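Contents: one structure, followed by commentary.
First the proteins, then the strands, lettered A, B, ... as listed; each starts at 1. The structure displayed is predicted, hence computed values, not measured ones.
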Number of protein chains: 2
Amino acid sequence: MTQLAKTRHGQVYLSLRADILAGRLHPGEKLPFATLSERYGFSVGVIREALSRLVEQSLVENLPQQGFRVASVSRETLIHLTQARCEIESLTLRHSIAEGDVNWKSAVVAALFKLNNTQQMDSEDPSLLSEDWVEAHSAFHAVILAGCANPRLTDICGQLRDSAELYRRWSARIGEQAKRDIPAEHTAIANAVTAGDADLATRLLSEHISLTSDLLLESGFIGSTDERENAQATA
Amino acid sequence: MTQLAKTRHGQVYLSLRADILAGRLHPGEKLPFATLSERYGFSVGVIREALSRLVEQSLVENLPQQGFRVASVSRETLIHLTQARCEIESLTLRHSIAEGDVNWKSAVVAALFKLNNTQQMDSEDPSLLSEDWVEAHSAFHAVILAGCANPRLTDICGQLRDSAELYRRWSARIGEQAKRDIPAEHTAIANAVTAGDADLATRLLSEHISLTSDLLLESGFIGSTDERENAQATA
DNA sequence: TGTACAAGAATTTTCGAAATTTTGCGAGAA
DNA sequence: TTCTCGCAAAATTTCGAAAATTCTTGTACA
(Lines give C-alpha, C1' and ligand atoms only; values in the text may rest on other atoms or scores of the structure.)
Protein backbone atom coordinates (compact mmCIF):
# COMPACT_ATOMS: atom_id res chain seq x y z
CA MET A 1 0.00 0.00 0.00
CA THR A 2 2.98 2.28 -0.45
CA GLN A 3 3.97 3.53 -3.89
CA LEU A 4 1.35 1.54 -5.71
CA ALA A 5 0.12 4.72 -7.37
CA LYS A 6 0.88 3.44 -10.85
CA THR A 7 -2.81 3.67 -11.65
CA ARG A 8 -5.15 6.62 -11.66
CA HIS A 9 -7.40 5.21 -8.96
CA GLY A 10 -4.31 4.62 -6.85
CA GLN A 11 -3.36 8.26 -7.15
CA VAL A 12 -6.84 9.40 -6.23
CA TYR A 13 -6.85 6.98 -3.30
CA LEU A 14 -3.67 8.48 -1.92
CA SER A 15 -4.74 12.07 -2.57
CA LEU A 16 -8.13 11.57 -1.03
CA ARG A 17 -6.68 9.78 1.97
CA ALA A 18 -4.16 12.57 2.46
CA ASP A 19 -6.83 15.25 2.16
CA ILE A 20 -8.98 13.52 4.76
CA LEU A 21 -6.15 12.88 7.20
CA ALA A 22 -4.90 16.44 6.80
CA GLY A 23 -8.32 17.80 7.59
CA ARG A 24 -8.76 19.45 4.21
CA LEU A 25 -11.93 17.41 3.92
CA HIS A 26 -13.98 17.57 7.11
CA PRO A 27 -15.61 14.69 9.01
CA GLY A 28 -19.15 14.18 7.81
CA GLU A 29 -18.60 16.22 4.67
CA LYS A 30 -20.38 14.92 1.63
CA LEU A 31 -18.20 13.76 -1.26
CA PRO A 32 -20.17 14.16 -4.50
CA PHE A 33 -18.73 12.62 -7.64
CA ALA A 34 -19.09 15.79 -9.67
CA THR A 35 -16.99 17.77 -7.20
CA LEU A 36 -14.35 15.10 -6.76
CA SER A 37 -13.90 14.31 -10.44
CA GLU A 38 -13.32 18.01 -11.05
CA ARG A 39 -11.03 18.36 -8.02
CA TYR A 40 -8.80 15.47 -9.03
CA GLY A 41 -9.38 15.58 -12.78
CA PHE A 42 -10.41 11.98 -13.36
CA SER A 43 -13.60 10.20 -14.32
CA VAL A 44 -16.20 9.08 -11.81
CA GLY A 45 -15.22 5.44 -12.16
CA VAL A 46 -11.76 6.18 -10.85
CA ILE A 47 -13.14 8.27 -7.99
CA ARG A 48 -15.60 5.55 -7.10
CA GLU A 49 -12.94 2.92 -6.73
CA ALA A 50 -10.82 5.13 -4.50
CA LEU A 51 -13.81 5.94 -2.31
CA SER A 52 -14.75 2.28 -2.06
CA ARG A 53 -11.33 1.39 -0.74
CA LEU A 54 -11.46 4.17 1.80
CA VAL A 55 -14.81 2.90 3.02
CA GLU A 56 -13.13 -0.38 3.87
CA GLN A 57 -10.54 1.60 5.85
CA SER A 58 -13.26 3.33 7.89
CA LEU A 59 -12.13 6.73 6.65
CA VAL A 60 -15.19 7.18 4.41
CA GLU A 61 -18.82 6.20 4.93
CA ASN A 62 -21.16 5.03 2.21
CA LEU A 63 -24.94 4.79 2.16
CA PRO A 64 -26.24 2.95 -0.91
CA GLN A 65 -27.78 5.30 -3.46
CA GLN A 66 -26.92 8.25 -1.26
CA GLY A 67 -23.26 8.66 -1.94
CA PHE A 68 -20.11 8.92 0.08
CA ARG A 69 -19.01 11.20 2.90
CA VAL A 70 -15.97 11.56 5.10
CA ALA A 71 -16.30 9.38 8.19
CA SER A 72 -18.22 11.29 10.81
CA VAL A 73 -16.90 11.63 14.33
CA SER A 74 -18.61 11.18 17.67
CA ARG A 75 -17.66 11.01 21.33
CA GLU A 76 -18.55 7.35 21.43
CA THR A 77 -16.44 6.47 18.41
CA LEU A 78 -13.48 8.34 19.84
CA ILE A 79 -13.81 6.50 23.15
CA HIS A 80 -13.92 3.13 21.42
CA LEU A 81 -11.07 4.02 19.11
CA THR A 82 -8.91 5.20 22.00
CA GLN A 83 -9.54 2.04 23.96
CA ALA A 84 -8.73 -0.15 20.99
CA ARG A 85 -5.55 1.78 20.29
CA CYS A 86 -4.32 1.63 23.89
CA GLU A 87 -4.82 -2.09 24.14
CA ILE A 88 -3.69 -3.23 20.70
CA GLU A 89 -0.79 -0.79 20.41
CA SER A 90 0.39 -1.85 23.86
CA LEU A 91 0.25 -5.45 22.80
CA THR A 92 2.17 -4.70 19.62
CA LEU A 93 4.70 -2.54 21.45
CA ARG A 94 5.56 -5.46 23.71
CA HIS A 95 6.30 -7.56 20.66
CA SER A 96 8.31 -4.72 19.17
CA ILE A 97 10.47 -4.35 22.27
CA ALA A 98 10.95 -8.10 22.55
CA GLU A 99 11.67 -8.71 18.88
CA GLY A 100 13.30 -5.51 17.64
CA ASP A 101 17.01 -5.48 16.89
CA VAL A 102 19.68 -2.78 17.10
CA ASN A 103 18.74 -1.28 13.74
CA TRP A 104 15.19 -0.84 14.98
CA LYS A 105 16.29 0.89 18.19
CA SER A 106 18.48 3.12 16.10
CA ALA A 107 15.48 4.03 13.96
CA VAL A 108 13.50 4.87 17.10
CA VAL A 109 16.22 7.26 18.29
CA ALA A 110 16.37 8.84 14.85
CA ALA A 111 12.61 9.30 14.64
CA LEU A 112 12.51 10.87 18.08
CA PHE A 113 15.29 13.29 17.21
CA LYS A 114 13.56 14.32 14.01
CA LEU A 115 10.23 14.78 15.77
CA ASN A 116 11.68 16.89 18.56
CA ASN A 117 13.58 19.01 16.08
CA THR A 118 10.64 19.76 13.82
CA GLN A 119 8.56 22.86 14.36
CA GLN A 120 5.20 21.77 15.76
CA MET A 121 3.02 24.65 14.64
CA ASP A 122 2.56 25.92 11.13
CA SER A 123 4.64 29.03 10.54
CA GLU A 124 1.85 30.69 8.56
CA ASP A 125 -1.07 29.73 10.78
CA PRO A 126 0.19 29.03 14.35
CA SER A 127 -3.15 27.57 15.34
CA LEU A 128 -2.52 24.62 13.02
CA LEU A 129 -0.04 21.77 13.28
CA SER A 130 2.64 21.93 10.62
CA GLU A 131 2.62 19.30 7.91
CA ASP A 132 6.21 18.35 8.68
CA TRP A 133 5.47 17.78 12.35
CA VAL A 134 2.40 15.69 11.65
CA GLU A 135 4.44 13.52 9.32
CA ALA A 136 7.28 13.17 11.84
CA HIS A 137 4.78 12.40 14.59
CA SER A 138 3.12 9.74 12.49
CA ALA A 139 6.51 8.26 11.62
CA PHE A 140 7.58 8.13 15.26
CA HIS A 141 4.50 6.21 16.34
CA ALA A 142 4.94 3.83 13.43
CA VAL A 143 8.61 3.22 14.17
CA ILE A 144 8.26 2.30 17.82
CA LEU A 145 5.96 -0.56 16.71
CA ALA A 146 8.09 -1.52 13.71
CA GLY A 147 10.19 -3.93 15.75
CA CYS A 148 7.22 -6.27 15.92
CA ALA A 149 7.81 -9.17 13.57
CA ASN A 150 4.11 -9.65 12.90
CA PRO A 151 2.99 -7.39 10.02
CA ARG A 152 -0.63 -8.19 10.76
CA LEU A 153 -0.38 -6.46 14.13
CA THR A 154 1.48 -3.42 12.85
CA ASP A 155 -1.00 -3.06 9.99
CA ILE A 156 -3.93 -3.01 12.39
CA CYS A 157 -2.18 -0.40 14.52
CA GLY A 158 -1.60 1.68 11.40
CA GLN A 159 -5.26 1.61 10.50
CA LEU A 160 -6.28 2.58 14.00
CA ARG A 161 -3.84 5.48 14.00
CA ASP A 162 -5.21 6.68 10.67
CA SER A 163 -8.69 6.76 12.13
CA ALA A 164 -7.39 8.64 15.14
CA GLU A 165 -5.81 11.20 12.85
CA LEU A 166 -9.32 12.42 12.04
CA TYR A 167 -9.56 13.56 15.64
CA ARG A 168 -6.01 14.63 16.39
CA ARG A 169 -6.24 17.39 13.79
CA TRP A 170 -8.76 19.12 15.97
CA SER A 171 -6.90 18.88 19.23
CA ALA A 172 -4.43 21.55 18.16
CA ARG A 173 -7.20 24.07 17.62
CA ILE A 174 -8.53 23.83 21.15
CA GLY A 175 -5.25 24.74 22.78
CA GLU A 176 -4.77 21.23 24.03
CA GLN A 177 -1.05 21.37 23.45
CA ALA A 178 -0.64 24.15 26.02
CA LYS A 179 -1.55 21.84 28.88
CA ARG A 180 1.11 19.27 28.21
CA ASP A 181 4.73 18.76 27.24
CA ILE A 182 4.42 16.64 24.15
CA PRO A 183 8.16 16.38 23.37
CA ALA A 184 8.73 15.12 26.90
CA GLU A 185 6.02 12.50 26.47
CA HIS A 186 7.59 11.21 23.27
CA THR A 187 11.06 11.26 24.77
CA ALA A 188 9.92 9.28 27.79
CA ILE A 189 8.30 6.69 25.57
CA ALA A 190 11.38 6.38 23.38
CA ASN A 191 13.63 6.03 26.42
CA ALA A 192 11.51 3.26 27.89
CA VAL A 193 11.44 1.55 24.50
CA THR A 194 15.19 1.66 23.94
CA ALA A 195 15.78 0.61 27.56
CA GLY A 196 13.65 -2.46 26.90
CA ASP A 197 11.22 -1.64 29.71
CA ALA A 198 8.01 -2.93 28.17
CA ASP A 199 5.81 -2.29 31.21
CA LEU A 200 6.83 1.34 31.44
CA ALA A 201 6.72 1.88 27.68
CA THR A 202 3.21 0.50 27.27
CA ARG A 203 1.98 2.52 30.25
CA LEU A 204 3.45 5.73 28.88
CA LEU A 205 2.14 5.06 25.38
CA SER A 206 -1.37 4.39 26.67
CA GLU A 207 -1.31 7.57 28.74
CA HIS A 208 -0.07 9.50 25.72
CA ILE A 209 -2.88 8.19 23.55
CA SER A 210 -5.54 8.65 26.21
CA LEU A 211 -4.50 12.19 27.08
CA THR A 212 -5.20 13.58 23.63
CA SER A 213 -8.52 11.80 23.61
CA ASP A 214 -9.51 12.99 27.09
CA LEU A 215 -8.63 16.62 26.43
CA LEU A 216 -10.65 16.55 23.25
CA LEU A 217 -13.62 14.97 25.01
CA GLU A 218 -13.43 17.49 27.89
CA SER A 219 -13.37 20.37 25.45
CA GLY A 220 -16.86 19.45 24.32
CA PHE A 221 -15.73 20.16 20.79
CA ILE A 222 -17.20 16.89 19.61
CA GLY A 223 -20.94 16.55 19.91
CA SER A 224 -22.52 13.43 21.30
CA THR A 225 -24.35 12.78 18.06
CA ASP A 226 -22.68 12.30 14.74
CA GLU A 227 -21.38 15.44 13.13
CA ARG A 228 -22.93 15.93 9.73
CA GLU A 229 -21.95 19.45 8.81
CA ASN A 230 -21.31 19.99 5.13
CA ALA A 231 -18.46 22.43 5.42
CA GLN A 232 -16.83 23.23 2.11
CA ALA A 233 -13.22 22.28 1.75
CA THR A 234 -10.78 25.10 1.31
CA ALA A 235 -8.15 24.96 -1.35
CA MET B 1 -21.71 -4.33 6.03
CA THR B 2 -24.71 -6.54 6.55
CA GLN B 3 -27.58 -6.50 4.07
CA LEU B 4 -26.23 -3.54 2.15
CA ALA B 5 -26.65 -5.48 -1.07
CA LYS B 6 -29.02 -2.94 -2.55
CA THR B 7 -26.48 -2.27 -5.27
CA ARG B 8 -25.01 -4.56 -7.88
CA HIS B 9 -21.47 -4.13 -6.63
CA GLY B 10 -22.71 -4.95 -3.15
CA GLN B 11 -24.17 -8.22 -4.40
CA VAL B 12 -20.97 -9.12 -6.18
CA TYR B 13 -18.98 -8.22 -3.09
CA LEU B 14 -21.00 -10.60 -0.96
CA SER B 15 -21.01 -13.36 -3.57
CA LEU B 16 -17.30 -13.10 -4.17
CA ARG B 17 -16.55 -13.00 -0.47
CA ALA B 18 -18.73 -16.04 0.12
CA ASP B 19 -17.09 -17.93 -2.75
CA ILE B 20 -13.64 -17.20 -1.38
CA LEU B 21 -14.48 -18.07 2.22
CA ALA B 22 -16.25 -21.24 1.13
CA GLY B 23 -13.20 -22.33 -0.83
CA ARG B 24 -14.98 -22.29 -4.18
CA LEU B 25 -12.27 -19.91 -5.29
CA HIS B 26 -8.83 -21.14 -4.26
CA PRO B 27 -6.04 -19.15 -2.60
CA GLY B 28 -3.75 -17.67 -5.22
CA GLU B 29 -6.27 -18.25 -8.00
CA LYS B 30 -6.35 -15.54 -10.60
CA LEU B 31 -9.55 -13.55 -10.92
CA PRO B 32 -9.83 -12.25 -14.51
CA PHE B 33 -12.54 -9.72 -15.26
CA ALA B 34 -13.81 -11.64 -18.26
CA THR B 35 -14.43 -14.75 -16.18
CA LEU B 36 -15.97 -12.93 -13.23
CA SER B 37 -18.29 -10.70 -15.25
CA GLU B 38 -19.61 -13.82 -16.94
CA ARG B 39 -19.84 -15.76 -13.67
CA TYR B 40 -21.83 -13.06 -11.89
CA GLY B 41 -23.47 -11.47 -14.91
CA PHE B 42 -22.42 -7.87 -14.35
CA SER B 43 -20.12 -5.41 -16.06
CA VAL B 44 -16.43 -5.11 -15.28
CA GLY B 45 -16.91 -1.84 -13.39
CA VAL B 46 -19.08 -3.57 -10.82
CA ILE B 47 -16.67 -6.47 -10.49
CA ARG B 48 -13.76 -4.08 -10.10
CA GLU B 49 -15.36 -2.26 -7.20
CA ALA B 50 -16.16 -5.49 -5.37
CA LEU B 51 -12.60 -6.74 -5.87
CA SER B 52 -11.17 -3.44 -4.65
CA ARG B 53 -13.08 -3.68 -1.41
CA LEU B 54 -11.95 -7.26 -0.88
CA VAL B 55 -8.35 -6.16 -1.36
CA GLU B 56 -8.77 -3.83 1.58
CA GLN B 57 -10.04 -6.81 3.59
CA SER B 58 -6.93 -8.84 2.77
CA LEU B 59 -9.04 -11.49 1.07
CA VAL B 60 -7.88 -10.53 -2.42
CA GLU B 61 -4.49 -9.38 -3.68
CA ASN B 62 -3.94 -6.84 -6.44
CA LEU B 63 -0.87 -6.06 -8.52
CA PRO B 64 -1.29 -2.94 -10.65
CA GLN B 65 -1.80 -3.76 -14.33
CA GLN B 66 -1.66 -7.44 -13.52
CA GLY B 67 -5.06 -8.03 -12.09
CA PHE B 68 -6.55 -9.54 -8.98
CA ARG B 69 -6.19 -12.94 -7.36
CA VAL B 70 -7.49 -14.62 -4.24
CA ALA B 71 -5.17 -13.96 -1.30
CA SER B 72 -2.40 -16.53 -1.34
CA VAL B 73 -1.53 -18.51 1.73
CA SER B 74 1.79 -19.30 3.32
CA ARG B 75 3.10 -20.83 6.52
CA GLU B 76 4.42 -17.47 7.65
CA THR B 77 1.12 -15.68 7.08
CA LEU B 78 -0.75 -18.38 8.98
CA ILE B 79 1.64 -18.11 11.91
CA HIS B 80 1.24 -14.34 12.06
CA LEU B 81 -2.51 -14.55 11.65
CA THR B 82 -2.80 -17.13 14.41
CA GLN B 83 -0.73 -15.05 16.80
CA ALA B 84 -2.76 -11.93 16.08
CA ARG B 85 -6.02 -13.82 16.57
CA CYS B 86 -4.98 -15.38 19.85
CA GLU B 87 -3.90 -12.09 21.34
CA ILE B 88 -6.60 -9.78 20.02
CA GLU B 89 -9.46 -12.24 20.41
CA SER B 90 -8.34 -12.93 23.97
CA LEU B 91 -8.31 -9.24 24.69
CA THR B 92 -11.76 -8.82 23.19
CA LEU B 93 -13.09 -11.88 24.99
CA ARG B 94 -12.09 -10.37 28.32
CA HIS B 95 -14.13 -7.30 27.47
CA SER B 96 -17.00 -9.47 26.35
CA ILE B 97 -17.07 -11.43 29.60
CA ALA B 98 -16.78 -8.27 31.68
CA GLU B 99 -19.35 -6.26 29.75
CA GLY B 100 -21.83 -8.81 28.41
CA ASP B 101 -25.27 -9.06 29.99
CA VAL B 102 -27.68 -11.95 30.48
CA ASN B 103 -29.03 -11.72 26.95
CA TRP B 104 -25.53 -12.13 25.64
CA LYS B 105 -24.84 -15.20 27.80
CA SER B 106 -28.12 -16.60 26.59
CA ALA B 107 -27.02 -16.09 23.01
CA VAL B 108 -23.76 -17.91 23.75
CA VAL B 109 -25.63 -20.90 25.09
CA ALA B 110 -27.93 -20.88 22.07
CA ALA B 111 -25.06 -20.67 19.60
CA LEU B 112 -23.25 -23.54 21.31
CA PHE B 113 -26.34 -25.71 21.22
CA LYS B 114 -26.89 -25.04 17.57
CA LEU B 115 -23.25 -25.72 16.73
CA ASN B 116 -23.15 -29.00 18.64
CA ASN B 117 -26.40 -30.13 17.04
CA THR B 118 -25.39 -29.41 13.47
CA GLN B 119 -23.83 -32.13 11.35
CA GLN B 120 -20.17 -31.28 10.91
CA MET B 121 -19.44 -33.06 7.68
CA ASP B 122 -21.22 -32.66 4.41
CA SER B 123 -23.68 -35.47 3.84
CA GLU B 124 -22.77 -35.73 0.16
CA ASP B 125 -19.00 -35.41 0.49
CA PRO B 126 -17.94 -36.46 4.02
CA SER B 127 -14.44 -35.10 3.44
CA LEU B 128 -15.84 -31.58 3.42
CA LEU B 129 -17.31 -29.48 6.21
CA SER B 130 -21.02 -28.87 5.76
CA GLU B 131 -22.15 -25.35 4.95
CA ASP B 132 -24.48 -25.33 7.94
CA TRP B 133 -21.73 -26.31 10.35
CA VAL B 134 -19.34 -23.68 9.00
CA GLU B 135 -22.01 -21.05 9.45
CA ALA B 136 -22.84 -22.20 12.97
CA HIS B 137 -19.15 -22.34 13.83
CA SER B 138 -18.61 -18.83 12.54
CA ALA B 139 -21.65 -17.61 14.46
CA PHE B 140 -20.44 -19.18 17.70
CA HIS B 141 -17.06 -17.50 17.54
CA ALA B 142 -18.72 -14.19 16.75
CA VAL B 143 -21.20 -14.47 19.60
CA ILE B 144 -18.72 -15.16 22.36
CA LEU B 145 -17.08 -11.83 21.50
CA ALA B 146 -20.37 -9.98 21.00
CA GLY B 147 -20.58 -9.01 24.67
CA CYS B 148 -17.75 -6.56 24.09
CA ALA B 149 -19.14 -3.04 23.99
CA ASN B 150 -16.44 -1.81 21.64
CA PRO B 151 -17.45 -2.45 18.01
CA ARG B 152 -13.99 -1.52 16.83
CA LEU B 153 -12.54 -4.54 18.62
CA THR B 154 -15.19 -6.97 17.46
CA ASP B 155 -14.83 -5.74 13.88
CA ILE B 156 -11.11 -6.39 13.92
CA CYS B 157 -11.70 -9.88 15.29
CA GLY B 158 -14.23 -10.50 12.54
CA GLN B 159 -11.76 -9.54 9.86
CA LEU B 160 -9.08 -11.75 11.34
CA ARG B 161 -11.48 -14.68 11.49
CA ASP B 162 -12.40 -14.15 7.84
CA SER B 163 -8.76 -14.36 6.88
CA ALA B 164 -8.41 -17.49 8.95
CA GLU B 165 -11.34 -19.04 7.13
CA LEU B 166 -9.12 -19.28 4.05
CA TYR B 167 -7.07 -21.81 5.98
CA ARG B 168 -9.68 -23.58 8.08
CA ARG B 169 -11.35 -24.91 4.94
CA TRP B 170 -8.33 -27.06 4.34
CA SER B 171 -7.95 -28.47 7.79
CA ALA B 172 -10.94 -30.75 7.32
CA ARG B 173 -9.34 -32.40 4.29
CA ILE B 174 -6.22 -33.49 6.13
CA GLY B 175 -8.07 -35.47 8.76
CA GLU B 176 -7.29 -32.95 11.40
CA GLN B 177 -10.68 -33.35 13.00
CA ALA B 178 -9.94 -36.95 13.90
CA LYS B 179 -7.24 -35.97 16.38
CA ARG B 180 -9.44 -33.74 18.49
CA ASP B 181 -12.86 -33.38 20.04
CA ILE B 182 -14.07 -30.13 18.57
CA PRO B 183 -17.50 -30.12 20.24
CA ALA B 184 -15.79 -30.57 23.60
CA GLU B 185 -13.48 -27.66 22.87
CA HIS B 186 -16.37 -25.36 22.06
CA THR B 187 -18.34 -26.53 25.05
CA ALA B 188 -15.44 -25.88 27.38
CA ILE B 189 -15.01 -22.39 26.00
CA ALA B 190 -18.71 -21.62 26.33
CA ASN B 191 -18.76 -22.93 29.90
CA ALA B 192 -15.82 -20.77 30.91
CA VAL B 193 -17.44 -17.78 29.22
CA THR B 194 -20.82 -18.16 30.88
CA ALA B 195 -19.11 -18.87 34.22
CA GLY B 196 -17.30 -15.54 33.87
CA ASP B 197 -13.86 -17.15 34.12
CA ALA B 198 -11.94 -14.86 31.77
CA ASP B 199 -8.52 -16.43 32.41
CA LEU B 200 -9.74 -19.91 31.59
CA ALA B 201 -11.85 -18.77 28.65
CA THR B 202 -9.03 -16.88 26.97
CA ARG B 203 -6.64 -19.77 27.52
CA LEU B 204 -9.06 -22.27 26.02
CA LEU B 205 -9.87 -19.99 23.09
CA SER B 206 -6.19 -19.44 22.31
CA GLU B 207 -5.54 -23.19 22.45
CA HIS B 208 -8.52 -23.78 20.19
CA ILE B 209 -7.26 -21.30 17.63
CA SER B 210 -3.66 -22.49 17.82
CA LEU B 211 -4.53 -26.16 17.52
CA THR B 212 -6.11 -25.82 14.11
CA SER B 213 -3.15 -23.78 12.97
CA ASP B 214 -0.55 -26.18 14.35
CA LEU B 215 -2.16 -29.26 12.85
CA LEU B 216 -2.30 -27.55 9.49
CA LEU B 217 1.34 -26.50 9.73
CA GLU B 218 2.43 -29.99 10.80
CA SER B 219 0.61 -31.56 7.89
CA GLY B 220 2.92 -29.78 5.50
CA PHE B 221 -0.08 -29.05 3.34
CA ILE B 222 0.91 -25.42 3.06
CA GLY B 223 4.18 -24.74 1.30
CA SER B 224 6.69 -22.32 2.75
CA THR B 225 6.45 -20.10 -0.29
CA ASP B 226 3.27 -18.49 -1.49
CA GLU B 227 0.88 -20.79 -3.22
CA ARG B 228 0.14 -19.58 -6.72
CA GLU B 229 -1.69 -22.46 -8.28
CA ASN B 230 -4.32 -21.47 -10.77
CA ALA B 231 -6.84 -24.13 -10.03
CA GLN B 232 -10.13 -23.67 -11.79
CA ALA B 233 -13.15 -23.22 -9.60
CA THR B 234 -15.81 -25.86 -9.79
CA ALA B 235 -19.44 -24.94 -10.17
C1' DT C 1 21.57 -23.63 -28.52
C1' DG C 2 20.44 -19.56 -26.40
C1' DT C 3 19.16 -14.65 -26.34
C1' DA C 4 17.01 -10.49 -27.87
C1' DC C 5 13.64 -8.22 -30.22
C1' DA C 6 9.07 -7.34 -32.25
C1' DA C 7 4.35 -8.06 -33.66
C1' DG C 8 0.06 -9.87 -32.09
C1' DA C 9 -3.10 -11.28 -28.48
C1' DA C 10 -5.04 -10.95 -24.07
C1' DT C 11 -6.00 -8.31 -20.03
C1' DT C 12 -6.43 -4.43 -17.31
C1' DT C 13 -7.62 0.39 -16.84
C1' DT C 14 -10.25 4.38 -18.00
C1' DC C 15 -13.82 7.10 -19.82
C1' DG C 16 -18.37 9.24 -20.77
C1' DA C 17 -22.97 8.56 -21.41
C1' DA C 18 -27.30 5.96 -20.29
C1' DA C 19 -30.18 4.01 -16.67
C1' DT C 20 -31.77 4.15 -12.04
C1' DT C 21 -32.66 6.20 -7.72
C1' DT C 22 -33.03 9.91 -4.56
C1' DT C 23 -33.96 14.66 -3.53
C1' DG C 24 -36.26 19.10 -3.91
C1' DC C 25 -40.07 21.92 -4.85
C1' DG C 26 -44.74 23.31 -5.55
C1' DA C 27 -49.64 22.54 -6.22
C1' DG C 28 -53.70 20.83 -4.19
C1' DA C 29 -56.52 18.91 -0.41
C1' DA C 30 -57.62 18.39 4.54
C1' DT D 1 -51.26 26.03 8.18
C1' DT D 2 -49.95 21.29 7.42
C1' DC D 3 -49.67 17.23 4.94
C1' DT D 4 -49.50 14.49 0.74
C1' DC D 5 -48.79 13.61 -3.95
C1' DG D 6 -46.31 14.03 -8.13
C1' DC D 7 -43.29 15.95 -11.39
C1' DA D 8 -38.66 17.92 -12.37
C1' DA D 9 -33.86 18.22 -11.18
C1' DA D 10 -29.75 16.29 -9.27
C1' DA D 11 -26.95 12.60 -7.92
C1' DT D 12 -25.57 7.89 -7.90
C1' DT D 13 -25.00 3.56 -10.22
C1' DT D 14 -24.11 0.83 -14.26
C1' DC D 15 -22.70 -0.33 -18.74
C1' DG D 16 -19.85 -1.24 -22.89
C1' DA D 17 -16.31 0.14 -25.61
C1' DA D 18 -11.89 2.66 -26.28
C1' DA D 19 -7.21 3.31 -24.53
C1' DA D 20 -3.18 1.66 -22.26
C1' DT D 21 -0.40 -1.95 -20.48
C1' DT D 22 1.29 -6.51 -20.02
C1' DC D 23 1.84 -11.16 -21.66
C1' DT D 24 2.65 -14.46 -25.42
C1' DT D 25 4.48 -16.12 -29.44
C1' DG D 26 7.48 -16.35 -33.25
C1' DT D 27 11.51 -14.92 -35.64
C1' DA D 28 16.08 -13.31 -36.40
C1' DC D 29 20.62 -13.08 -34.83
C1' DA D 30 24.88 -14.26 -32.20
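Using a 4.0 Å cut-off between a side-chain N of Lys or Arg and a carboxylate O of Asp or Glu, B:Arg53 and B:Glu56 do not qualify as a salt bridge. Taking a cutoff of 4.0 Å between a charged side-chain nitrogen and a carboxylate oxygen, A:Glu99 and A:Lys105 do not qualify as a salt bridge.
Remark: A:Thr154 engages no residue in a side-chain hydrogen bond (donor to acceptor under 3.5 Å, both in side chains) (not counting sequence neighbours).
No side-chain donor-acceptor contact under 3.5 Å links A:Ser138 to the backbone of A:Val134.
One atom, CG of A:Leu51, and another, C1' of D:dT13, lie 13 Å apart when rounded to the nearest Å.
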Identify the pairs formed between an N or O of the protein and an N or O of nucleotides 9-15 of chain C at a distance under 3.5 Å, and give each distance.
{"from": "C:dT12", "atom 1": "OP1", "to": "B:Lys30", "atom 2": "NZ", "distance (Å)": "3.0"}
{"from": "C:dT12", "atom 1": "OP2", "to": "B:Phe33", "atom 2": "N", "distance (Å)": "3.1"}
{"from": "C:dT13", "atom 1": "OP1", "to": "B:Gln65", "atom 2": "N", "distance (Å)": "2.7"}
{"from": "C:dT13", "atom 1": "OP2", "to": "B:Arg48", "atom 2": "NH2", "distance (Å)": "2.1"}
{"from": "C:dT13", "atom 1": "O5'", "to": "B:Arg48", "atom 2": "NH2", "distance (Å)": "3.0"}
{"from": "C:dT14", "atom 1": "OP1", "to": "A:Arg8", "atom 2": "N", "distance (Å)": "2.3"}
{"from": "C:dT14", "atom 1": "OP2", "to": "A:His9", "atom 2": "ND1", "distance (Å)": "3.0"}
{"from": "C:dT14", "atom 1": "O3'", "to": "A:Arg8", "atom 2": "NE", "distance (Å)": "3.1"}
{"from": "C:dC15", "atom 1": "OP1", "to": "A:Arg8", "atom 2": "NE", "distance (Å)": "3.1"}
{"from": "C:dC15", "atom 1": "OP2", "to": "A:Ser43", "atom 2": "N", "distance (Å)": "3.2"}
{"from": "C:dC15", "atom 1": "OP2", "to": "A:Ser43", "atom 2": "OG", "distance (Å)": "2.9"}

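When all heavy atoms of B:Leu93 and B:Ile144 are compared, the pair lying nearest together is CD1-O, 3.5 Å.
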